[in-house]
Amino acid sequence: MQDIFEKEREIWKRMESTGRHILITARNELYLHMRFLDVALSSLGFAMGPNVDTLAVDGNTIFYNTKYLGACFREERKKINRAYLHMVLHCIFGHVFRKPQGEEKYWDLACDIAVESIIDEMQIRCIKTPISWIRENTYKDLREKLPVLTAEGICYQLEKNPPDEKKMEKLIREFYVDDHNYWCRQPDKPKDEQTRDKWKDISEKMEMDLDSFSKEASQADGGLKEQLKISHRETMDYRTFLRKFTVLKEEVQVDPDQFDYVFYSYGLSMYGNMPLIEPQETKEVQKIEEFAVVIDTSMSCSGDLVKAFLEETYGILMEQENFFRRMNLHIIQCDEKIQSDKKITDIEELEEYMNHFEAAGSGGTDFRPAFSYVNELCRKKEFSNLKGLLYFTDGFGTYPTRIPPFQTAFIFLDEEESNPQVPLWAMKLILPKRELEKKVR
């Protein structure tokens with residue numbers, strides 16, 4: 001019996017060693033052609049996965065099936081190189097550590113299509129293989145709708161225009177490389193957070209290295225730089241974003257956290273065990289007091305999405321903790337000229353405006369008239385302490401050359417057909433188009 005156990009142990013060790021050797025060979029070959037991936041390629045350990053039919057990754061370890069690796073090694077070594085790179089890219093873009101953006105089957109397929117599209121465009125001999133007809137048509141259809149093939153964008157398109165069951169099976173079979181069951185779907189454990197942060201640092205460093213190895217990167221890019229820029233783009237909850245425009249001010253309300261210690265001490269001295277507490281009737285709070293919202297009502301902006309954006313803003317502003325009781329809010333509609341300006345001074349006026357809102361204008365886009373108009377309002381003392389201007393637009397227009405005296409943020413949708421570059425003096429926020437479209441429905 002002991003001899004049998006020894007033989008099984010020896011077979012296991014040999015299989016483990018063989019699989020490890022194959023993966024190390026693939027890693028070394030990738031490194032020789034893509035030095036900017038050095039840290040990423042060496043950040044994964046190897047282990048035999050008893051329940052893995054092909055390959056899998058969890059952000060720390062590549063789990064492998066030695067029989068599968070051996071068959072691929074004999075058939076086509078490039079397949080292993082591509083699979084290794086495929087899993088590394090999943091980690092770099094954070095696919096492994098995110099909750100599914102939509103239905104899990106669409107999200108998994110979208111992640112695979114996104115990384116395979118990069119690999120297929122790389123002009124590197126050790127991973128270059130002929131592109132199938134299915135892949136070519138899939139990329140072509142998606143690029144007609146998306147400037148960059150990100151997993152989020154692809155998932156959105158799959159949900160918006162779901163393929164039939166037969167086509168879905170073909171796509172899954174075509175782009176399948178690794179098992180996603182090892183992914184951290186709910187990365188809330190400290191260990192998972194550390195792994196996610198590690199790959200975030202690697203990803204940011206790699207974006208800088210792509211510029212350093214410019215000649216090499218030009219062959220190995222394959223859309224990698226564009227995807228990295230988008231994945232590193234700052235995302236922020238809209239409610240959190242609006243706090244950038246708040247001011248600290250006293251407001252009339254009972255503050256239970258503050259009281260007069262004189263009364264407190266007097267009560268203890270007079271009654272022994274009965275402190276007298278009188279809360280202050282004013283409280284310092286951080287809220288929005290003055291604000292300007294400019295709506296791009298040109299032909300390139302959908303009226304329904306404009307209204308959905310306003311409703312989203314309205315919902316946040318209607319919450320008492322966001323705005324002072326008295327406010328000074330200007331909602332300005334502008335295409336190539338100012339179409340309307342509504343001054344809002346309290347919640348009731350805001351509610352009335354939203355109930356009867358109609359978009360005005362359908363010309364071209366020019367941002368300069370809105371900035372000139374708001375500057376004029378400041379000059380006329382319509383604003384006493386304007387903290388910020390929020391401009392909802394598609395980005396296709398002429399920006400001012402002078403820096404305005406107030407904070408400015410341009411708001412875009414994540415599925416627009418371009419990634420407009422705003423001036424250095426302005427902030428930029430991307431709102432999820434799918435969320436706004438849900439409100440439209």
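- Counting heavy atoms from C-beta outward, Ser43 and Ile202 have side chains that approach closer than 4.5 Å.
- Remark: the backbone N or O of Glu382 is paired with a side-chain donor or acceptor of Asn328 at under 3.5 angstrom.
- Formation of a donor-acceptor pair under 3.5 Å by the Gln123 side chain with backbone atoms of Glu121 is found in this model.
- Judged purely by atom type and a 3.5 angstrom limit, Lys78 uses its side chain to pair as donor or acceptor with the backbone of Arg125.
- Ion pair Arg82/Glu116 flagged as a salt bridge, since at least one NZ, NE, NH1 or NH2 atom sits closer than 4.0 Å to an Asp/Glu carboxylate oxygen.
- For the side-chain contact (heavy atoms from CB on, under 4.5 Å) test with Asp178, the passing option among Tyr84, Trp183, Phe63, Tyr64 is Trp183; the others fail.
- Heavy-atom minimum distance, Cys126 versus Asn81: O-ND2, 3.0 Å.
- For the pair Ala151 and Ala114, the tightest heavy-atom approach, listed with the atom from each and the gap, is N-CB, 3.8 Å.
- Contact detail for Ile154 and Leu146: the closest heavy-atom pair is N-CD1, 3.7 Å.
- A pairwise comparison of heavy atoms in Asp53 and Asn65 identifies O-CB, 3.5 Å as the closest pair.
- For Cys378 against Leu386, the heavy-atom pair with the smallest separation is SG-CD2, 3.9 Å.
- Remark: the backbone N or O of Tyr106 is not paired with any side-chain donor or acceptor of Glu159 at under 3.5 angstrom.
- The aromatic ring centres of Tyr399 and Phe410 sit less than 6.0 Å apart.
- Within the 4.5 Å cutoff, the side chain of Ile80 has no heavy atoms near those of the Leu55 side chain.
- Other residues, nucleotides and ligands contribute more than 12 heavy atoms inside 6.0 Å of the CZ atom of Arg143.
- Here Asp108 contributes atom CG and Tyr176 contributes atom OH; the two are 10.5 Å apart, rounded to the nearest 0.5 Å.
- Contact annotation: the side chain of Phe46 approaches that of Arg27 to within less than 4.5 Å [non-hydrogen atoms, C-beta and beyond].
- At least one side-chain heavy atom of His95 sits under 4.5 Å from a side-chain heavy atom of Val115.
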Practice task
Step by step, work out the side chain to side chain contact (heavy atoms under 4.5 Å, CB included) result for Arg173 and Lys170.
Solution key: CA-CA 5 Å; Arg173 190 163 53 248; Lys170 282 184 178 180; 3.7 Å; yes
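- Residues Phe371 and Phe406 meet the side-chain proximity criterion, which asks for heavy atoms closer than 4.5 Å.
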Practice task
Start with the C-alpha distance between His90 and His180, add both sets of side-chain angles, then the distance that settles side chain to side chain contact (heavy atoms under 4.5 Å, CB included), and finish with yes or no.
Solution key: CA-CA 10 Å; His90 275 322; His180 296 178; 3.7 Å; yes
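- For the residue pair His86 and Asp112, a side-chain donor N or O sits within less than 3.5 Å of a side-chain acceptor on the partner.
- Here Met34 contributes atom CE and Leu85 contributes atom CG; the two are 5.0 Å apart, rounded to the nearest 0.5 Å.
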Handout entry: Full working for side chain to side chain contact (heavy atoms under 4.5 Å, CB included) between Asp296 and Tyr391
Key = CA-CA 7 Å; Asp296 180 359; Tyr391 210 128; 4.1 Å; yes
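- In this structure, the side chains of Cys184 and Thr195 stay at 4.5 Å or more apart for every pair of heavy atoms.
- Between the CE atom in Met87 and the CG atom in Leu89 there is a gap of 10.5 Å [rounded to 0.5 Å].
- Salt bridge annotation for Lys166-Glu169: absent, with no cationic side-chain nitrogen under 4.0 angstrom from a carboxylate oxygen.
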Exercise for the section: Start with the C-alpha distance between Asp366 and Arg368, add both sets of side-chain angles, then the distance that settles salt bridge (charged side-chain N to carboxylate O under 4.0 Å, His left out), and finish with yes or no. Expected result: CA-CA 6 Å; Asp366 191 339; Arg368 294 171 297 180; 2.8 Å; yes
Problem - Derivation and outcome, side chain to side chain contact (heavy atoms under 4.5 Å, CB included), residues Met206 and Leu37 - result: CA-CA 7 Å; Met206 198 179 81; Leu37 280 172; 3.1 Å; yes
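- Side-chain contact between Leu377 and Asp341: present, with at least one pair of heavy atoms (C-beta onward) separated by less than 4.5 Å.
- With rounding to the nearest 0.5 Å, the separation of CZ in Phe383 from NZ in Lys343 is 8.0 Å.
- In this structure, the separation between NZ on Lys205 and CD1 on Ile92 is 11.5 Å, given to the nearest 0.5 Å.
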Practice task
Go through the steps for His33 and Glu29 under the test side-chain hydrogen bond (donor to acceptor under 3.5 Å, both in side chains), then give the verdict.
Solution key: CA-CA 7 Å; His33 294 88; Glu29 196 163 359; 5.6 Å; no
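- The 12-atom threshold is exceeded at CD of Glu376, counting heavy atoms of other residues, nucleotides or ligands nearer than 6.0 Å.
- In this structure, Ile172 CD1 and Lys167 NZ are separated by 12.5 Å, a value rounded to the nearest 0.5 Å.
- Looking at heavy atoms from C-beta onward, Phe367 lies out of side-chain contact with Val294 at the 4.5 angstrom threshold.
- No donor-acceptor distance shorter than 3.5 angstrom exists from the side chain of Lys380 to the backbone of Asn375, with no hydrogens or angles considered.
- Between Gly59 and Lys198, the shortest heavy-atom distance links the atoms O-NZ, 3.5 Å.
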